[in-house]
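Written below as structure tokens is the structure these notes are about.
Residue indices begin at 1 and follow the sequence shown. Start at 1 and go down the list; that is how both ligands and their atoms are numbered.
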Amino acid sequence: MDYETVRGADPAVADALSAEVTRQQDTLAMIASENHVSPAVMEAQGSALTNKYAEGYPGERYYAGCEQADVVEELAVERAKQLWGAEHINVQPHSGTQANMGVYLAVLDPGDKILSLDLTHGGHLSHGHPANFAGQFYEVEKYEVDQETGYVDYEGLADAAAEFDPDMIVSGYSAYPREVEWDRVQTVADDVDAYHLSDIAHITGLVAAGVHASPVGVADFVTGSTHKTIRAGRGGIVMCNEEHADAIDAAVFPGAQGGPAMHNIAGKAVGFSEALDDSFVDYAETVVENARTLADVFQERGLTLVSGGTDTHLVLADLRPSHPDLTGGTAEDHIADANIVLNANTVPGETRSPFDPSGIRAGTAALTTRGMGTAAIRKVGHLIVDVVDAAANERTDEVIPEVRAAVADLTDEHHLYETRGAFAVQ
Ligand code: DSN
């Protein structure tokens with residue numbers, strides 16, 4: 001990808017865009033919230049719809065000239081309904097956080113109470129962190145995972161709900177490797193007469209493929225992002241029953257947003273269509289199988305995993321027991337130096353700063369898109385631990401060049417835009 005047209009207009013940006021493609025080709029993307037979309041999704045996102053204002057919804061726009069915007073949005077909605085089975089889906093949120101904002105605005109008043117998982121236990125900023133609007137507009141209390149097991153402490157959640165009497169309980173997490181028991185959260189929400197928002201941003205694709213239980217039809221609201229385990233480009237969605245449809249639509253626009261990013265909605269439509277292909281189920285199953293393999297290798301090599309494994313696309317390692325003097329941030333830097341890109345992450349019972357926490361989080365969605373199976377993932381797992389061990393033993397100068405060479409073999413074998421797994425595009 002040379003970005004020739006951009007280069008003619010703006011060589012500096014073209015250089016950065018080309019270098020980014022090279023970076024993605026030459027590194028292993030293991031940030032659990034990242035993936036690689038198909039060229040078809042990218043082309044749709046780069047389409048003329050970026051020029052169009054289309055405030056409103058199909059058939060009810062505030063501006064003229066929205067015929068094609070309507071076609072694209074209706075396709076996105078129809079395909080999303082097939083993927084997740086919700087009665088009503090709004091595909092306009094610019095991101096998962098904007099989707100959550102839409103839900104809060106739809107049914108909460110400022111000052112209402114939200115009960116959500118602690119950020120250091122796997123929650124998300126938009127579930128009520130003080131630095132986010134949700135923590136500033138609403139009164140927020142936290143529940144936790146059981147620090148022994150790493151699983152959501154559903155009894156603790158029930159106790160916290162009985163004491164706090166929330167208006168909304170948020171389930172669905174950003175750094176939680178286990179299957180969420182939506183019914184158990186719903187029971188608690190019913191007991192305290194609270195709304196239940198299930199934020200499946202990380203597992204949207206796993207839920208669509210049926211490899212993780214679905215909260216649709218259980219929780220009042222389900223939000224997701226469209227660029228993590230589903231490869232439909234950057235954005236968000238909100239799902240609900242017809243009962244809440246008008247409130248959600250009004251909360252997303254004009255409540256939280258102005259004009260929808262129609263080019264991104266086109267990307268969603270294309271990505272959803274790709275995910276409706278039978279091959280997507282194979283993809284999602286392989287993502288989870290690969291994450292389990294990564295978890296096995298990490299444990300064989302002595303790392304301690306939060307919850308002892310995974311049911312999803314991600315693993316979360318607590319470095320403190322095996323490498324007490326190595327922070328997640330230092331590990332992340334050295335691993336990145338070896339061309340494997342993952343992120344430092346807080347862990348339950350965190351004793352360090354969120355800016356340099358004690359864990360590392362790694363996901364398999366992007367590597368699976370590159371066509372990697374368990375044999376390749378085993379190699380990757382060993383390479384990561386080679387670097388972690390080297391960082392703890394001050395042997396990085398010797399080990400990182402070896403790991404970089406092994407990563408280059410893997411990235412050459414699993415080329416990004418020539419053999420994209422199921423799509424085999426270009
Ligand atoms: N930043 C995303 C993640 O990495 O989990 C969530 O928004």
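- A distance below 6.0 Å separates the ring centres of H313 and H202.
- Atoms of ligand 1 lying under 4.0 Å from at least one heavy atom of H202, given by number and element, are 3 (C), 5 (O).
- The number of heavy atoms from other shown groups lying within 6.0 Å of CD (E242) is above 12.
- Residue contacts with ligand 1: R361 is included, with a non-hydrogen atom under 4.0 Å away.
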List the steps, then state whether side chain to side chain donor-acceptor pair (under 3.5 Å) holds for T369 with R231. CA-CA 9 Å; T369 293; R231 301 171 292 200; 2.8 Å; yes
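- The pair R301-D389 counts as a salt bridge, with a side-chain nitrogen and a carboxylate oxygen less than 4.0 angstrom apart.
- Counting protein heavy atoms only, atom 3 (C) of ligand 1 is closest to S33 OG, 3.3 Å.
- Atoms of ligand 1 lying under 4.0 Å from at least one heavy atom of H124, given by number and element, are 6 (C), 7 (O).
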